[in-house]
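Values reported hereafter were calculated over all heavy atoms of this structure, with side chains retained and with hydrogens, waters and symmetry mates removed. Small disclaimer: the values here were computed from a predicted structure and weren't measured.
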Amino acid sequence: MAAYLIHEALVCVWGAVFLKKGLWDNQADRQKKALFTAVCFGQMFLLSCFRSQIGFDYFMYSKGFLLMDMEGFSSLSYLDWEVGFVVFTKVIGLFTNNILVYHGIISALCLFAWAYFIFRYSKNVWLSIILFQNLYFFYLNMNFLRQALAISISLFAWPFLKERKFWKFLAIVIAASLFHTTALILIPLYFLVRFTPGAGLCLLYGYGLLFFYISSEGILNLLTMVFHEEYANSVFLQGMSPLYGVLPVLLAGAALFFRGQLLQAVGKEGDYLTGMLFFSAFCMVMMTRHAILERLSYYSWAYAVIALPCLVEGVRTSGIKPLFLRGTKAGMNQGLLQPHYQKQAVAVLLGIVGLSMLYHIFGMLENVHGVFPYQWIFAG
């Protein structure tokens with residue numbers, strides 16, 4: 001655990017060095033934000049690249065790489081792996097059969113996509129990078145390699161989702177699905193996020209959960225008789241700890257409560273981000289019954305990394321008004337209120353960091369993604 005906690009502590013140190021006041025707001029210099037992002041993701045690349053035999057799927061992917069390298073291009077299929085990932089793996093095999101290099105290339109591609117996404121779209125890069133680790137995405141990149149690449153590709157669909165450019169959005173989703181078919185969940189999400197957050201959306205997901213809890217076992221048993229028979233009666237159909245669903249539900253609720261601040265910060269895309277958080281909460285509550293459904297949550301949960309900084313920025317610029325002032329046209333001097341809003345934003349930011357850190361510690365104790373304790377190639 002120490003290596004990951006040291007990395008997170010260094011993220012805080014680099015934030016104080018490069019961003020200074022930008023730790024709390026969106027006012028840091030662009031070049032300093034770029035340097036900060038590069039340093040933090042550079043650290044993660046080193047941790048990821050030089051890891052040894054950690055991640056539940058580490059040996060599966062290492063073995064697959066070596067076998068596909070020996071096989072060459074005589075076949076473009078391997079187990080149930082998607083053709084895009086198979087071709088990608090075989091292309092790497094043309095240049096090297098070194099497992100370390102193979103894992104390093106995948107880490108570099110995934111981390112670069114995330115670094116670009118955070119730098120380009122986050123209202124607070126420090127908070128986003130903290131969340132990237134605390135919400136387990138860094139650890140996912142060292143375990144679910146196919147899905148890690150699919151998620152990384154799907155991040156480039158965000159501008160097309162918020163600008164409602166369906167065909168460009170679809171093209172990126174299809175490209176991501178060539179690495180993991182679960183990326184196709186983003187197609188219905190394109191339409192779901194258009195629902196205005198409110199009581200209606202809560203009822204929609206509430207009825208969905210009720211239906212799921214009543215019928216999920218029969219549906220999944222039927223599906224595993226036809227597709228992925230290896231999952232039948234496996235641990236993947238068992239439930240996970242309910243604690244995994246607590247934070248997503250809290251954050252979806254917070255996004256709904258602070259909807260006005262989100263709209264103030266980023267306009268209509270605030271509703272799209274709230275929709276992503278609602279779907280994530282829905283999936284993560286479902287996975288407390290069947291763990292395999294965790295896979296569907298990653299594509300929407302990824303947007304928590306930019307949604308929460310947007311929420312903090314909204315509080316910083318428009319504040320949290322007491323109930324008796326809501327809906328009124330304030331005649332107060334906004335300049336006088338701004339320091340108060342700043343304090344509110346800092347409190348909200350620290351609350352998010354604190355909750356996500358508890359979630360992180362819980363994941364470490366549970367050995368999330370099988371990457372604890374950290375092991376590197378130079379040990380022993």
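- For Asn124 (side chain) and Leu127 (main-chain N/O), a donor-acceptor pair under 3.5 Å exists by modelled atom type.
- Between Tyr298 and Phe144, the ring planes are tilted. Angles from 30° to 60° get that label.
- A salt bridge between Lys162 and Glu269 is present, with a side-chain N of the basic residue lying under 4.0 Å from a carboxylate O of the acidic one.
- The heavy-atom pair separating Tyr374 from Trp376 by the smallest distance is CE2-CB, 3.5 Å.
- Across Asn134 and Tyr359, no two heavy atoms sit closer than the pair O-CD2, 3.6 Å.
- The two residues Ile153 and Ile172 come nearest to each other via the heavy atoms O-CG2, 3.3 Å.
- By the 4.5 Å heavy-atom criterion applied to side chains, Met284 and Phe279 are not counted as neighbours.
- Counting heavy atoms from C-beta on, the side chains of Val249 and Phe282 never come closer than 4.5 Å.
- Using the six-membered ring where Trp is involved, Tyr139 and His360 have ring planes that are parallel, under 30° apart on the 30 and 60° scheme.
- Remark: side-chain polar atoms of Tyr190 are not paired, donor with acceptor, to backbone N or O of Leu170 under 3.5 angstrom.
- Looking at Tyr102 and Thr96, their side chains never come closer than 4.5 Å, going by heavy atoms from C-beta outward.
- Ring-plane geometry between Trp114 and Phe117 is classed as perpendicular, the angle between the planes exceeding 60 degrees on a 0 to 90 degree scale with a lower cut at 30.
- Looking only at distances, no side-chain donor or acceptor of Thr181 sits under 3.5 Å from a matching main-chain atom of Ser177.
- Proximity of the aromatic rings of Trp158 and Tyr303 is defined here by a centroid distance below 6.0 angstrom, and this criterion is met.
- Within the structure, every pair that satisfies the side-chain hydrogen bond (donor to acceptor under 3.5 Å, both in side chains) test and touches residues 248-259, not counting sequence neighbours, is listed here: Arg259-Asp271.
- Side-chain N or O atoms of Gln342 include none that pairs as donor or acceptor with a backbone N or O of Arg316 at under 3.5 Å.
- Using a distance-only test at 3.5 Å, with no hydrogens or angles considered, no donor-acceptor pair links the side chain of Gln261 to the main chain of Val312.
- Between Tyr136 and Phe362, the gap from one ring centroid to the other reaches at least 6.0 Å.
- Judged purely by distance below 3.5 Å, without hydrogens or angles, the side chains of Tyr244 and Thr288 never pair a donor atom with an acceptor atom.
- A 4.5 Å side-chain heavy-atom check between Ile106 and Phe88 finds at least one atom pair inside the cut-off.
- Apart from Phe119 itself, the hydrophobic cluster it occupies contains nothing, where clustering links Ile, Leu, Val, Met, Phe, Trp and Tyr at side-chain heavy-atom distances under 4.5 Å.
- A salt bridge links Lys90 and Glu71; the closest N-O separation between the charged side-chain nitrogens and carboxylate oxygens is under 4.0 Å.
- More than 12 heavy atoms of other residues, nucleotides or ligands shown are found within 6.0 angstrom of CZ on Phe212.
- Across Gly275 and Tyr205, no two heavy atoms sit closer than the pair O-OH, 4.3 Å.
- Leu131 and Val266 fall into different hydrophobic clusters, defined by Ile, Leu, Val, Met, Phe, Trp and Tyr side-chain heavy atoms under 4.5 Å apart, directly or through other members.
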Would you tabulate the side-chain donor-acceptor contacts of residues 38-56 under 3.5 Å, counting partners in other chains and residues two or more places apart, or write 'none'?
{"residue": "Gln43", "atom": "OE1", "partner": "Trp14", "partner atom": "NE1", "Å": "2.5"}
{"residue": "Gln43", "atom": "NE2", "partner": "His7", "partner atom": "ND1", "Å": "2.8"}
{"residue": "Ser48", "atom": "OG", "partner": "Arg51", "partner atom": "NH1", "Å": "3.2"}
{"residue": "Ser48", "atom": "OG", "partner": "Ser107", "partner atom": "OG", "Å": "2.5"}
{"residue": "Arg51", "atom": "NH1", "partner": "Ser48", "partner atom": "O", "Å": "2.6"}
{"residue": "Arg51", "atom": "NH2", "partner": "His103", "partner atom": "ND1", "Å": "3.1"}

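- Counting only N and O atoms by type, the side chains of Ser241 and Glu366 include no donor and acceptor under 3.5 Å apart.
- No more than 12 heavy atoms of other residues, nucleotides or ligands lie within 6.0 Å of CZ in Phe112, so this atom counts as exposed by the packing criterion.
- Of all heavy-atom pairs spanning Leu277 and Leu251, the tightest one is CD1-O, 4.0 Å.
- With hydrogens and angles disregarded, a donor-acceptor distance shorter than 3.5 Å links the side chain of Ser356 to the backbone of Val353.
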